[in-house]
Q: 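What follows is a single structure, and I will ask about it in a moment.
Source: prediction; values computed, not measured. As a basis for the values below, the full set of heavy atoms in this structure was taken, side chains included, without hydrogen atoms, waters or symmetry mates.
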Amino acid sequence: MSAPAQTADLVILGGGSGGYAAALRGAELGLSVVLIEKDKVGGTCLHRGCIPTKALLHAAEVADSAREGEQFGVKTSLAGIDMAGVNDYKGGVTAKLYKGLQGLIKSRKITYVEGEGKLVSPTAVAVGDTTYEGKHVLLATGSYARSLPGIELNGSTVITSDEALQLEHVPSSVIILGGGVIGCEFASVWKSFGADVTIIEGLPHLVPLEDESSSKLLERAYRRRKIDFSLGSRVAKVTPGENGVSVELENGKSYEAEIVLVAVGRGPVSQGLGYEEAGVAMERGFVLVDEYMQTNVPTISAVGDLVPTLQLAHVGFGEGILVAERLAGLPVVPIDYAGVPRVTYSEPEVASVGLTEAQAKERFGEVEVVTYDLGGNGKSQILKTQGAVKLVRAKDGPVVGVHMVGSRVGELVAEAQLIYNWEALPDEVASLIHPHPTQSEAMGEAHMALAGKPLHSHS
């Protein structure tokens with residue numbers, strides 16, 4: 001006999017970034033909340049994405065520092081990479097954050113259900129024999145690492161980022177299919193760890209969603225780092241063999257490596273979960289929503305990687321909070337996705353907010369552009385990093401795009417976000433005094449140049 005239905009104001013299916021943010025904010029606003037997750041609260045970001053990959057990238061940075069100490073007058077050398085030690089460090093970071101998140105869920109008196117949930121009506125989710133009835137249901141089932149048609153993942157030599165994070169050795173050579181954020185980050189890690197790395201990207205540039213100037217700066221840096229890449233050519237065939245994997249491209253070129261990482265993006269987890277049966281409108285597996293994250297079914301909303309918006313953890317947080325506040329009766333403002341910061345945590349980093357130059361020209365017609373080379377920035381020279389801060393403004397209007405490449409520039413994107421979202425004029429930012437010597441000065445100097453009063457740069 002099935003258990004009687006348990007009721008709540010909000011039933012959330014999926015405990016990743018979007019789901020748990022909605023749960024925490026909803027509970028804070030006095031809603032009764034049921035949060036259902038089949039694996040671990042925190043989802044992809046905490047357990048198989050942002051956090052563990054950034055831990056690997058930091059370990060890679062430490063390896064580079066050890067290898068390159070001599071150029072700073074410090075006699076260091078790299079004895080090797082202890083992947084067991086790296087994985088312990090990575091796992092420790094995740095475990096601590098996971099424990100903290102569990103504590104938060106408990107302290108907000110959220111009913112947490114561990115199990116596979118399925119939407120069984122526009123207001124109910126079933127887990128086994130128990131049904132959870134809500135005034136509103138939030139779908140937040142996230143995404144999975146996709147492959148390409150005809151490429152069979154085997155979990156050992158043809159892998160996704162999920163397996164890449166669990167590797168217990170440094171591969172001697174890797175081919176990465178996909179030059180987006182995930183592909184470029186793993187390329188950076190493995191190169192720092194001592195592997196030979198080749199990236200295959202079907203589009204004309206690495207990080208193809210970024211401003212073309214940022215892509216070109218990253219490509220130049222990767223050439224210096226001896227990370228190989230093939231652009232503008234698609235994969236024809238991937239063949240695992242006894243001693244590794246061979247990859248053939250449509251242009252006739254072929255490559256061989258110990259491991260192939262398939263990093264061609266993430267697809268929505270939506271099949272077999274009862275969405276279509278409940279009448280939820282979908283397209284290519286994504287759940288369709290309006291600007292307030294509402295589906296075509298009035299009692300159902302959806303957030304995170306499940307909907308066709310930017311697949312970023314912080315976007316999931318923002319969307320989840322928006323839904324919770326809307327349901328609690330607070331006034332909410334739709335998310336301006338162009339105003340969301342984007343960072344690729346490779347070496348060097350690529351960070352941006354707002355429109356690319358091409359997008360700005362399309363929207364505004366006439367634009368003004370300034371590029372400030374990090375060669376003129378004292379802290380960047382101390383760090384021995386190269387790159388630039390590029391600003392795009394609508395003619396005589398506010399700054400509508402900030403694009404940066406260089407070590408640690410991800411830390412500068414918070415100020416860039418304020419500049420874009422508060423529609424700042426170059427003069428307004430130019431009048432702010434940035435601390436010296438910091439990389440943040442590059443932001444100030446770029447705005448001074450755009451305002452027509454360059455200091456440490458040529459007009």
Side-chain angles (χ1 to χ4, degrees), residues 209-214 217 291 310 312 314-315 317-318 321-322 331-344 348-383 385 387-459:
L209 297 181
E210 294 291 342
D211 191 88
E212 192 175 314
S213 64
S214 294
L217 283 171
E291 59 189 347
L310 288 170
L312 299 168
H314 45 286
V315 166
F317 295 147
I321 290 165
L322 186 152
V332 292
V333 177
I335 293 167
D336 172 8
Y337 290 98
V340 173
R342 308 169 291 270
V343 186
T344 303
E349 291 184 348
V350 181
S352 63
V353 69
L355 307 177
T356 64
E357 184 180 346
Q359 289 166 339
K361 280 177 176 168
E362 208 172 290
R363 186 177 300 185
F364 300 107
E366 211 174 333
V367 300
E368 295 170 64
V369 174
V370 152
T371 300
Y372 176 78
D373 194 303
L374 292 185
N377 177 256
K379 187 62 183 282
S380 295
Q381 291 313 297
I382 290 165
L383 294 172
T385 188
V389 174
K390 174 179 174 176
L391 305 178
V392 182
R393 83 182 287 201
K395 179 76 173 161
D396 299 325
V399 174
V400 296
V402 181
H403 305 277
M404 301 176 282
V405 177
S407 297
R408 305 186 187 179
V409 293
E411 301 300 330
L412 305 183
V413 83
E415 183 183 7
Q417 174 180 223
L418 296 179
I419 291 164
Y420 171 86
N421 284 290
W422 288 349
E423 299 179 356
L425 296 167
D427 270 326
E428 293 170 328
V429 183
S431 68
L432 303 174
I433 296 174
H434 288 74
H436 176 76
T438 64
Q439 285 187 293
S440 72
E441 277 183 292
M443 189 72 73
E445 295 266 2
H447 282 83
M448 288 171 79
L450 194 51
K453 46 181 181 185
L455 188 63
H456 297 97
S457 61
H458 300 286
S459 57

Q: Can any side-chain N or O of R408 pair as donor or acceptor with the backbone N or O of E349 at less than 3.5 Å?
A: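 Judged by distance alone, no pair lies under 3.5 Å.
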Q: Using a 3.5 Å cut-off and no angle test, enumerate the donor-acceptor pairs between side-chain atoms of residues 423-431 and protein atoms at least two apart in sequence or in another chain.
A:
unit_1 : atom_1 : unit_2 : atom_2 : d
E428   : OE1    : L425   : N      : 2.8
S431   : OG     : E428   : O      : 2.8

Q: Does a donor on one side chain sit under 3.5 Å from an acceptor on the other, for H456 and E441?
A: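 Checked: H456/E441 side chains show no N/O donor-acceptor pair below 3.5 Å.
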Q: When you compare the side chain of H434 with that of E445, does any pair of heavy atoms fall below 4.5 Å?
A: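 No, their side chains stay 4.5 Å or more apart.
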Q: Please round to the nearest 0.5 Å and tell me the distance separating atom NE2 of H436 and atom CG of N377.
A: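 Atom-to-atom, H436:NE2 and N377:CG are 9.0 Å apart.
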Q: So which atom in V400 and which in A360 form the shortest heavy-atom distance, rounded to 0.1 Å?
A: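 Of all heavy-atom pairs spanning V400 and A360, the closest is CG2-CB, 4.0 Å.
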Q: Which heavy atom of G406 sits nearest a heavy atom of L374, and at what distance?
A: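 Looking at all heavy atoms of both residues, the closest pair is CA-CD1, 4.1 Å.
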Q: Can you confirm whether Q381 is buried at CD, in the sense that more than 12 heavy atoms of other residues, nucleotides or ligands lie under 6.0 Å from that atom?
A: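 Yes, enclosed.
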Q: Give a yes or no on whether the backbone of P435 and the side-chain of T438 come within a donor-acceptor separation of less than 3.5 Å.
A: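 It does hold such a pair.
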Q: Do you know the tightest heavy-atom contact between V332 and L322?
A: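 Minimum heavy-atom separation between V332 and L322: CG1-O, 3.7 Å.
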Q: Does the side chain to side chain contact (heavy atoms under 4.5 Å, CB included) test come out yes or no for V340 and Q417, once each step is laid out?
A: CA-CA 7 Å; V340 173; Q417 174 180 223; over 6 Å; no
Q: From S457 OG over to L450 CG, what is the distance, rounded to the nearest 0.5 angstrom?
A: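 CG of L450 is found 10.5 Å from OG of S457.
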Q: What is the distance from atom CD of Q359 to atom CG of L209, rounded to the nearest 0.5 Å?
A: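 Going from CD on Q359 over to CG on L209, the span is 9.0 Å.
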Q: Could you report the tightest heavy-atom contact between G354 and R342, atom names first, then the distance?
A: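 Looking at all heavy atoms of both residues, the closest pair is O-NH2, 2.8 Å.
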Q: Do you know the tightest heavy-atom contact between I335 and G318?
A: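 Here I335 and G318 meet closest at CD1-C, 3.8 Å.
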Q: Where is the tightest heavy-atom contact between V399 and H447, given as atom of each residue plus distance?
A: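 V399 and H447 have their closest heavy atoms at CG2-NE2, 3.7 Å.
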Q: Do Y337 and V315 have side chains that approach each other closer than 4.5 Å (heavy atoms only, starting at C-beta)?
A: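 Answer yes - side chains close enough.
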Q: When rounded to the nearest 0.5 angstrom, what is the spacing between CD in E368 and CG in L391?
A: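 Answer for the CD-CG pair, E368 versus L391, is 11.0 Å.
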Q: Please identify which of these residues, R393, K390, K361, H403, meets the side chain to side chain contact (heavy atoms under 4.5 Å, CB included) condition with V369.
A: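 Exactly one pass, corresponding to K390.
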Q: Just checking, is any N or O donor in the side chain of S352 or E210 under 3.5 Å from an acceptor N or O on the other one?
A: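 Yes, side-chain donor-acceptor contact under 3.5 Å.
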Q: Between atom CZ of F364 and atom CG of L355, what is the distance when rounded to the nearest 0.5 Å?
A: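 It is 6.0 Å, given to the nearest 0.5 Å.
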Q: Is any side-chain heavy atom of I419 less than 4.5 Å from a side-chain heavy atom of M443?
A: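 Yes; the side chains approach each other to less than 4.5 Å.
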Q: I'd like to check E411 versus Q439 (side-chain heavy atoms, cut-off strictly below 4.5 Å). Are they in contact?
A: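 When only atoms from C-beta onward are counted, Q439 and E411 do not touch, as no gap falls below 4.5 Å.
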